[in-house]
Undergrad: 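Okay, handing you the structure first.
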Amino acid sequence: MHKDKNSILKQLFSEDGAYKSLYENHPDFIYIMDREGKYIDANRPFWEVVGYTLDELNEILCKEGQLSERICQHYLALALEGASPRYEMDIVHKNGELRRVEITYIPITAEAGIVGVYGMAKDITKHNSEWDPSPERRQHYDLLFQHNPVLEHLKELNDRHSLILDSVSEGIFGLNNSEQTIFINPAAMEMLGYSREEFISLHSLSSIHHSRSDGTHYSVDESPISLTISDGITRSIEEEIFWRKDGTSFLVNYRVAPIVDNGVIEGAVVVFSDITNELEIIRAKESAEKAARAKSDFLAMMSHEIRTPMNGMIGMAELLLDTELQEEQRSYVEILQSSSYSLLQILNDILDFSKMEAGKMPLQFEMFDLRELVSGIVELFTPKAEEKKLALRWWVDTSVPALLTTDPSRLRQIIVNLVGNALKFTERGSVTLSVKNLQLPESLDYLLEFSVRDTGVGIADNKLNLLFQSFSQLHPSINRKYGGTGLGLAICKQLIELMGGTIFVESEEGRGSTFRFMLPFLREESEAELE
């Protein structure tokens, strides 16, 4: 497989290949490697900066044990997985000149997949103020150029150590056995507010970790870092305080491990992470959950306390209506009964909304007759429509199956709410409820579209975004006349989404609205077998 991909790669970068012109005259140093890390070709600036021929480069840089081979192979593996890693390293010209470059690997993709990798190098020697090789380091490079295996290994360890420290997100610093700092990585410098020069030789106990989380000061005998340097035991500490250069503090979790050389404790390494924001998020989450539980418990209690006297009022009103009453008395009792039912509906809306917010709204799936359900809803609202002299129509497409499976009580609740709203906000004209089957190709499921169309007041464009929000009422004047909590559409939306569907609205102010929602239904096995 690799041989095939290498052939494709060489063809792409041949003299008449598709990609040759993309890199040949580019100002950056660009080279091409195959999947094994072998150098295939490079542009002119690259040859000028290294001074080697292609064969010399492969022989020197791919020699086992070389630093460049180890580092490059790591990032090459990432690039072959589709990533575009970037890193910095030092290179040595054939004449011994040192340069600092920033390298980016980019996968080369063809029909066969990733066939190789671009290496794009940018000379940052003049732009990197921290890169100023000391005479000792320059000597290391000179000897490396001469392939001294001992110094090669020392340089590899040193650079690998720096590479690891610089790449991790946790803060890391080291101490000698006198608790003076000896190294620090960039993440720790950012969290503690020190530069590398400022940090070296600080005393940990007096500068970084002198106090407990309760504000009391550590003594040498009590500090976990001091104890680890003393007894060599690794310790993990949670929710402690570290201090920044500017005197401010922050919460950390940290781990301190000893540095041991030939059985002698030479110091310790501290790895830490800032958990200030993490704790704030956890505490906020716990507070929100506690408030949600309190609200849920309160609503459950109020449901019981309010429903009991309300059911008594409704029952007594119904019994009173069965007795002989004067016309004025009957009118009063009917108002009492209507108001009780309205209050019960408001209570039901609030409880449903609370259950859905808490994720405790269960669905009870069962088979039901859709046409019977729709017909029953229309019959429920027919007296109201006749009272307002509105035409209330319904139809179900013939392609809609007679029996479906979902939660019929929740579906009925959605349709009742939408039809009730349509009648509430329509003074003349009509309200139409329809159901049609949206054909799904090569599927065993149904997707039904329910539509409630009215000729009422409509909704202004600038208020459509408020339509399904909790406690929002777009027509306050009408709501004052008919009542309502502003929760109906919010509950409908959440129920529809809970059932796997979606809802949207088309409206024009003064000309009416159409609410549509779509729900998926599973086709019964017996029906699927017939097809």
Undergrad: Using only atom types and a distance under 3.5 Å, with no angle test, would you say the side chain of T228 pairs donor to acceptor with the backbone of P258?
TA: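 No; judged by distance alone, with no hydrogens or angles, the pair does not exist.
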Undergrad: Ring pair (Phe, Tyr, Trp, His ring centres under 6.0 Å) between Y254 and F242: does it pass, once the steps are laid out?
TA: CA-CA 10 Å; Y254 76 87; F242 275 7; 5.2 Å; yes
Undergrad: Please determine whether the number of non-hydrogen atoms from other residues, nucleotides or ligands lying under 6.0 Å from atom CD of E222 exceeds 12.
TA: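 Yes - once you tally the heavy atoms of other residues, nucleotides and ligands closer than 6.0 Å, there are more than 12.
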Undergrad: Does the side chain of R255 come within less than 4.5 Å of T234's, by heavy atoms?
TA: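 They are in side-chain contact.
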Undergrad: Rounded to the nearest 0.5 Å, how far does CD of E198 lie from OG1 of T181?
TA: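 Between T181 OG1 and E198 CD, I get 11.5 Å after rounding to 0.5 Å.
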Undergrad: Please give me the minimum heavy-atom distance between S230 and I265, naming the atom from each residue.
TA: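 Heavy atoms only, the tightest pair is O-CD1, 3.9 Å.
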Undergrad: Got a second to check how far I114's CD1 is from I108's CD1, nearest 0.5 Å?
TA: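 I114 atom CD1 to I108 atom CD1 measures 10.0 Å (nearest 0.5 Å).
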Undergrad: Answer whether the closest heavy-atom distance between the side chains of W243 and T248 falls below 4.5 Å.
TA: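 Heavy-atom side-chain distance check fails, nothing below 4.5 Å.
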Undergrad: Classify the ring geometry of Y105 against Y75: parallel below 30°, tilted from 30° to 60°, perpendicular beyond 60°.
TA: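 Judged by the thresholds at 30° and 60°, the geometry between Y105 and Y75 is perpendicular.
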Undergrad: Could you grab the distance from atom CD of E240 to atom CZ of F250, nearest 0.5 Å is fine?
TA: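 Answer rounded to 0.5 Å: 12.0 Å.
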Undergrad: If you count every heavy atom of other residues, nucleotides or ligands that lies below 6.0 Å from R244 atom CZ, does the total exceed 12?
TA: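 Yes, CZ of R244 has more than 12 neighbouring heavy atoms, counting only those of other groups under 6.0 Å.
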Undergrad: Does the side chain to side chain contact (heavy atoms under 4.5 Å, CB included) test come out yes or no for L418 and F517, once each step is laid out?
TA: CA-CA 10 Å; L418 294 178; F517 67 94; 3.7 Å; yes
Undergrad: Using the rule given for side chain to side chain contact (heavy atoms under 4.5 Å, CB included), can you reason through S226 versus E179, listing the C-alpha separation, both sets of side-chain angles and the distance that settles it, and then say yes or no?
TA: CA-CA 7 Å; S226 302; E179 291 193 48; 2.5 Å; yes
Undergrad: Can you give me the closest heavy-atom contact between E239 and I275, atom names plus distance?
TA: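 It is CG-CD1, 3.9 Å.
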Undergrad: So V115 and R35, do their side chains get closer than 4.5 Å, heavy atoms only?
TA: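 Result no, sub-4.5 Å side-chain heavy-atom pair not found.
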Undergrad: Which heavy atom of C492 sits nearest to which heavy atom of N417, and what is that distance?
TA: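 Closest pair (atom of C492, atom of N417, distance): SG-CB, 3.5 Å.
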Undergrad: Does some side-chain heavy atom of D41 sit less than 4.5 Å from a side-chain heavy atom of Y31?
TA: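 Side chain of Y31 against side chain of D41, heavy atoms only: no contact under 4.5 Å found.
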Undergrad: Assess whether side chain to side chain contact (heavy atoms under 4.5 Å, CB included) is satisfied between L411 and D407, documenting all intermediate values.
TA: CA-CA 6 Å; L411 178 59; D407 188 327; over 6 Å; no
Undergrad: So, does D274 use its side chain to make a donor-acceptor pair with the main chain of V252 at under 3.5 Å?
TA: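 Checking the backbone N and O of V252 against the side chain of D274, no donor-acceptor pair under 3.5 Å is found.
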Undergrad: Shortest non-hydrogen contact from L363 to M499?
TA: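 Heavy-atom minimum between the residues: CD1-CG, 3.9 Å.
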Undergrad: Out of the candidates V256, L192, I172, N253, only one should pair with F272 under the side-chain contact (heavy atoms from CB on, under 4.5 Å) rule; please name it.
TA: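 Among V256, L192, I172, N253, the one that satisfies the side-chain contact (heavy atoms from CB on, under 4.5 Å) with F272 is L192.
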Undergrad: Assess the residue pair E366 and T405 against the criterion (side chain to side chain contact (heavy atoms under 4.5 Å, CB included)); give the C-alpha distance rounded to whole Å, side-chain angles, the decisive distance to 0.1 Å, and a yes or no.
TA: CA-CA 5 Å; E366 59 183 79; T405 299; 5.9 Å; no
Undergrad: Taking atom CZ of F29 and atom NZ of K122, what is their separation to the nearest 0.5 Å?
TA: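 Going from CZ on F29 over to NZ on K122, the span is 10.5 Å.
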Undergrad: Identify the heavy atoms of I414 and L495 that sit nearest to each other, and give their distance.
TA: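 Nearest heavy atoms, I414 then L495: CD1-CB, 3.9 Å.
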Undergrad: So which of F199, F183, Y194 actually passes ring-ring contact (aromatic ring centres under 6.0 Å, His included) with F173?
TA: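 Exactly one option meets the ring-ring contact (aromatic ring centres under 6.0 Å, His included) with F173, and it is F199.
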Undergrad: Without swapping roles, check the side chain of N185 against the backbone of E170 for a donor-acceptor pair under 3.5 Å.
TA: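 Confirmed, N185 side chain pairs with E170 backbone.
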Undergrad: Measuring from atom OG of S249 to atom NE2 of H210, what distance do you get when rounded to the nearest 0.5 angstrom?
TA: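 So the OG of S249 and the NE2 of H210 are separated by 8.5 Å.
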Undergrad: Quick one, L202 and Q180 - any side-chain contact, counting heavy atoms below 4.5 Å?
TA: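 Not in contact.
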Undergrad: Where do P107 and A79 come nearest, in terms of heavy atoms and distance?
TA: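 That would be CG-O, 3.3 Å.
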Undergrad: To the nearest 0.5 Å, what is the distance between CG on L447 and CG on L519?
TA: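 Here the rounded value is 8.0 Å.
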Undergrad: Looking at R235 and I233, would you say the former's side chain and the latter's main chain have a donor-acceptor pair under 3.5 Å?
TA: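 A pair under 3.5 Å: yes.
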Undergrad: Using modelled atom types only, decide if a donor and an acceptor are shared between the side chain of H209 and the backbone of I241 within a distance under 3.5 Å.
TA: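 Yes, because the side chain of H209 sits within donor-acceptor range (under 3.5 Å) of the backbone of I241.
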